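Just so it is clear, the structure is predicted and the values come from calculations on it, not from any experiment.
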Amino acid sequence: MKGSLTENHDITLALAFQPHLVDISKALKELQMELIELSEDDILKSLFDAKKDPIEIWKTAIECPRLRQHARKMLSGFSTTYCCESTFSYLTQIKTPLRSQMTDTNLEGQLKLSTSMLQPNI
């Protein structure tokens with residue numbers, strides 16, 4: 001069971017980053033036809049092989065709407081994780097042992113200032 005979970009995870013990620021290398025028979029049935037079409041597209045395959053930005057590659061792959069949707073779901077997870085991790089990093093910088101008595105309201109204000117692109121008007 002554990003091996004199949006790892007294999008499914010690998011296939012799921014490969015569909016977003018290297019779809020031309022995925023064994024078509026192991027992919028979801030609704031993606032198989034698009035994988036066959038993609039396997040015949042030398043331009044897309046060369047872009048994936050060159051490790052170009054997958055977001056930019058998928059923007060051009062209009063003939064693979066289901067694969068694009070799958071890739072969008074996989075790729076968007078990384079950016080949302082980044083936002084969460086960077087906010088937590090700011091939190092650890094703000095709430096040091098010397099500032100541990102900070103109220104939630106003040107802490108929230110500090111986090112908004114740290115994560116905002118706006119310059120405070122003081």
Side-chain angles (χ1 to χ4, degrees):
M1 177 74 178
K2 187 176 181 180
S4 66
L5 285 175
T6 303
E7 184 177 336
N8 288 342
H9 183 262
D10 291 344
I11 291 171
T12 300
L13 285 176
L15 284 168
F17 293 99
Q18 295 179 317
H20 62 296
L21 300 178
V22 172
D23 182 355
I24 295 171
S25 64
K26 293 183 180 180
L28 296 172
K29 297 234 184 276
E30 60 266 14
L31 300 177
Q32 289 181 354
M33 185 58 83
E34 289 183 11
L35 283 170
I36 292 169
E37 291 174 16
L38 189 136
S39 70
E40 297 173 4
D41 188 333
D42 292 333
I43 295 171
L44 280 177
K45 288 191 320 187
S46 67
L47 291 171
F48 282 114
D49 282 336
K51 306 282 189 211
K52 299 286 184 189
D53 182 5
I55 295 171
E56 295 300 319
I57 297 171
W58 284 115
K59 285 181 183 178
T60 63
I62 57 174
E63 63 279 351
C64 305
R66 289 183 176 152
L67 282 171
R68 285 177 70 188
Q69 180 65 24
H70 173 81
R72 188 177 300 125
K73 289 178 185 175
M74 292 292 104
L75 296 170
S76 66
F78 295 110
S79 64
T80 56
T81 302
Y82 169 78
C83 292
C84 181
E85 288 179 8
S86 64
T87 302
F88 184 76
S89 177
Y90 287 126
L91 175 69
T92 58
Q93 291 172 7
I94 293 168
K95 198 161 185 174
T96 63
L98 296 174
R99 299 167 94 187
S100 63
Q101 300 300 314
M102 189 178 280
T103 65
D104 288 343
T105 305
N106 288 338
L107 182 59
E108 182 180 346
Q110 289 285 324
L111 276 174
K112 284 180 182 176
L113 285 173
S114 297
T115 57
S116 173
M117 298 300 245
L118 300 174
Q119 294 295 321
N121 186 5
I122 300 175

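- For Q18 (side chain) and F48 (main-chain N/O), no donor-acceptor pair under 3.5 Å exists by modelled atom type.
- To the nearest 0.5 Å, atom CD of residue E30 and atom CG of residue L35 are 10.5 Å apart.
- Put simply, L21 and I24 are part of two different groups of oily side chains (I, L, V, M, F, W, Y) that touch within less than 4.5 Å, one to the next.
- The two residues L38 and L44 come nearest to each other via the heavy atoms CD1-CD1, 4.2 Å.
- The two residues L67 and E34 come nearest to each other via the heavy atoms N-OE1, 2.8 Å.
- Looking at every heavy atom in both residues, A16 comes nearest to A71 through CB-CA, 4.0 Å.
- Counting heavy atoms from C-beta outward, M74 and L15 have side chains that stay 4.5 Å or more apart.
- A 4.5 Å side-chain heavy-atom check between D49 and H20 finds at least one atom pair inside the cut-off.
- In this structure, the side chains of R68 and I62 come closer than 4.5 Å at one or more pairs of heavy atoms.
- To the nearest 0.5 angstrom, T87 atom OG1 is 12.5 Å from K112 atom NZ.
- Atoms CG and CD1, from D41 and I36 in turn, are 14.0 Å apart once rounded to the nearest 0.5 Å.
- Although no hydrogens or angles enter the test, the distance criterion places a donor-acceptor pair under 3.5 Å between the side chain of H70 and the main chain of T12.
- To the nearest 0.5 angstrom, Y90 atom OH is 14.5 Å from L107 atom CG.
- Of all heavy-atom pairs between Q93 and T96, the closest is O-CG2, 3.3 Å.
- Taking OG from S86 and CG from L91, the interatomic distance works out to 11.5 Å, rounded to the nearest 0.5 Å.
- Aromatic rings from W58 and F17 are positioned such that their centres are separated by 6.0 Å or more.
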Practice task
Go through D23 and I11 one step at a time and tell me if the side-chain contact (heavy atoms from CB on, under 4.5 Å) criterion holds.
Solution key: CA-CA 8 Å; D23 182 355; I11 291 171; over 6 Å; no
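- With a 6.0 Å radius and a threshold of 12 heavy atoms from other residues, nucleotides or ligands, D104 has its CG atom at or below the threshold.
- For the residue pair R66/Q69, the side-chain donor-acceptor check at 3.5 Å is not satisfied.
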